[in-house]
Amino acid sequence: MFDRYAKQVHQYVSRRLGTQLADDITGETFLIAFRRRESYDPARSLARPWLYGIATRLVARHRRSEERFLRALQRTGVDPLPEPMAETVVRQVAAGAQDRALAGALARLPRGERDVLLLVAWADLSYEETAQTLGVPLGTVRSRLHRARRRLREALGGADPTREES
């Protein structure tokens, strides 16, 4: 399970809290999963939502840090995930101000809306997996995502950064 999902969980946590905490949170996620392995429902086809649920709860413990991190990203425009240099330069030139505005808007979202949005957008979970991850009904995921996108569009002057351009 670690070999299959650790990189994905680490990347998700890195985007939420920065790379310094990601190693610890990822390790703690798998430690908790190992300790609670008896409670895992083998009827689930994938363990990914279960692991993201553990990671999201650990991230929630660090949400003040996350909010400070997003506010710093808003001020500086520096994304914590390393990218190839050419991509970094192009991305910073093209979207630096937008990234800062997005980070500020994310920091202002209520925790539940932010969790749903980031699980769908950054962790690439389906709505159903996100519902399993957070232990909420599918309708709650849909409504939180709708509200989060609406708030982001308002904060970004009508742009929706969670939708891919065709």
### Query
Rounded to the nearest 0.5 Å, how far apart are CG of Leu152 and CG of Leu106?
5.5 Å

### Leu125 side, atom CG; Thr130 side, atom OG1 - distance, nearest 0.5 Å
4.5 Å

Not counting sequence neighbours, which residues clear side-chain contact (heavy atoms from CB on, under 4.5 Å) with [X]? List them please.
X     : answer
Arg4  : Leu46
Asp3  : none
Gln20 : none

### Message
Applying a strict under-4.5 Å side-chain criterion to I, L, V, M, F, W and Y, I'd like to know whether Val116 and Leu138 cluster together.
### Response
yes

Taking C-beta and beyond as the side chain, do [X] and [Y] meet within less than 4.5 Å on heavy atoms?
X      : Y      : answer
Pro110 : Arg151 : yes
Leu51  : Met1   : yes
Arg16  : Leu58  : no
Gln11  : Trp122 : no
His10  : Asp23  : yes
Arg114 : Arg111 : yes

### Pi-cation contact, Tyr40 with Arg37 (under 6.0 Å, within 45°)
no

Nearest heavy atoms of [X] and [Y], plus distance in Å:
X      : Y      : answer
Ala148 : Leu117 : CB-CB, 4.2 Å
Ala55  : Val9   : CB-CG1, 4.1 Å
Leu21  : Leu17  : CD1-CB, 4.0 Å
Trp50  : Ser39  : CZ2-OG, 4.5 Å

### Query
For the side chain of Ser14 and the backbone of Thr19, is there at least one donor-acceptor N/O pair under 3.5 Å apart?
no

### Task
State whether the side chain of Thr140 and the backbone N or O of Val136 hold a donor-acceptor pair below 3.5 Å, judged by distance alone.
no

### Summary
Residue pairs passing the salt bridge (charged side-chain N to carboxylate O under 4.0 Å, His left out) test with at least one member in residues 46-61, sequence neighbours excluded, are Glu28-Arg61, Arg48-Glu129

Partner set under side chain to side chain donor-acceptor pair (under 3.5 Å) for [X], not counting sequence neighbours:
X      : value
Arg108 : none
Asp24  : none
Thr56  : Tyr12
Arg144 : none

### Message
If the condition is ring pair (Phe, Tyr, Trp, His ring centres under 6.0 Å), which residues does Phe30 pass it with, not counting sequence neighbours?
### Response
Phe2

### Message
Heavy-atom count check: over 12 atoms from other residues, nucleotides or ligands less than 6.0 Å from Arg150 CZ?
### Response
yes

### Message
Run the salt bridge (Lys or Arg N to Asp or Glu O under 4.0 Å) test against Arg142 and tell me which residues pass, sequence neighbours left out.
### Response
none

